[in-house]
Amino acid sequence: MSPGGRKAHPPGRSMPPQALPMTKSVSNFEDWVDLFHQWQKDIGYDTTLLGDFQFESKFADEDSPVIEFGDYKGRPKWQTFNQIPNQQVKDALLSLIVYQGDTEFASVEQQRHLVSTAPSDYDLKSLVRINSEEMRHGWQMATLLVNHFGETGKVEAAKLLERRSWDNQRLLGSFNEPVRHWLDFFVFTEFVDRDGKYQLKMLSRSAFSPLARSMGPMLKEEAFHLGTGHTGLRRVVQAGKIPTPLLQKYVNHWVPTAYDLFGKDASSTAHWAYVWGIKCRFNELETEDAVDKKTLNDYNRTLYYNECVELMDQLNTIVPASQPKLVAPSLKFNRKIGQWEGQKFTVEGEAFHGSDAAYADYLKSVLPSAEDEARLAEIFKTHDWIAPKGK
Ligand SMILES: [Fe+2]
Ligand SMILES: [Fe+2]
């Protein structure tokens, strides 16, 4: 099963994963912290960059003492594991927390090498702040697992630090893709961290109070990550050294992976998470729309897509008239899960009528190729491929 339909990709990975033989035992949170420091070493993160960053759990005040949606609506929120109504709900919550924690550590693994190629001191500081906060988010999820979910939670907290992005072991597709350079980084933070904003907000009204109260501080920090992505892309467009058709290829690569993060269109996991009051819609408290529990993932994904379209509209205001405008890829393009999985559509969402071989050629033409990477590497050498901050 997968939480809220954030279906594991590649397919076939079951959840929660079985304990790996190498899983270290954790009997308390201090043990887990030792594993965390070992993980930092193992992935080669230069911890001197982190300065005096405080790794700690942060809990906001309760937004509402009662459950706000689903079948338990109006009843008191659950403060402890024992108050969670039954084993199925406990398992679903554990899974949601594991998936969230997995993305946090994965993103640091993906981005760790960028510290040596930062285009400016400002960008290096932003990267290190984002990495520190992602580590803190993983720390927060591990706190919930170790303190509330018994032996299983302790095993899962250890495993958050054992899977590796570069070994394709992270639980969701976007987090096994290499972030090759700073253009990938800005596209990733703009679009994949933005998925994070959606996931965190959907958990922020959870019936399990410690999870819900974790979300406010995480959302505040996440806002900086999205902002870094968006202003980064603005600065790239302003500098005018990376042609928009080349930039578009990187958007085409990352954005469909972010669409996939919302999970299968008709997901029973998302359905039950809503019924049990543990994960709501992104706009739960703002919308008058009647809830359709069968298509929750697609509903949230469509809200996300609409936001991507707006972001592109904003960027297009500074794209010079001589360059093609940027587009948010269609929800049908290059999907790995859901109703459009494996089907032939163009970036714009038109059906592609050619053969499979012709479609493979089309994909090569709209996704980053080895030649594109080589071209970018040359552009990066110019050092003025990105406008200074605040220009
Ligand atoms: Fe995060
Ligand atoms: Fe983030």
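In each ligand, atom 1 is the first atom listed, and ligand 1 is the first ligand listed. Please read these numbers as outputs of a predicted model, since none were measured by experiment. Along the sequence shown, residues are numbered consecutively beginning with 1.
Within E134, OE2 is the N, O or S atom that lies nearest to the Fe ion (ligand 2). The N, O or S atom of H137 lying closest to the Fe ion (ligand 1) is ND1.
Distances from the Fe ion (ligand 1) show that E133 has no N/O/S atom below 2.8 Å. Backbone or side-chain N, O or S atoms of D193 reach the Fe ion (ligand 2) at under 2.8 Å. Using a cut-off of 2.8 Å, one finds that E104 contributes no N/O/S atom close to the Fe ion (ligand 2).
Expressed to the nearest 10°, the angle at the Fe ion (ligand 2) joining OE2 in E222 with ND1 in H225 is 100°.
With F53 as the aromatic partner, R136 does not meet the cation-pi criteria of under 6.0 angstrom to the ring centre and within 45 degrees of the ring axis. For the pair K293 and Y274, the cation-pi test (distance below 6.0 Å, angle within 45°) is failed.
When the shell of 6.0 Å around CH2 of W272 is examined, it contains 12 or fewer heavy atoms from other residues, nucleotides or ligands.
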Legend entry - From CA spacing to verdict: ring pair (Phe, Tyr, Trp, His ring centres under 6.0 Å), H225, F185: CA-CA 10 Å; H225 311 176; F185 172 73; 9.3 Å; no

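Within the 4.5 Å cutoff, side-chain heavy atoms of W32 are placed close to those of L161.
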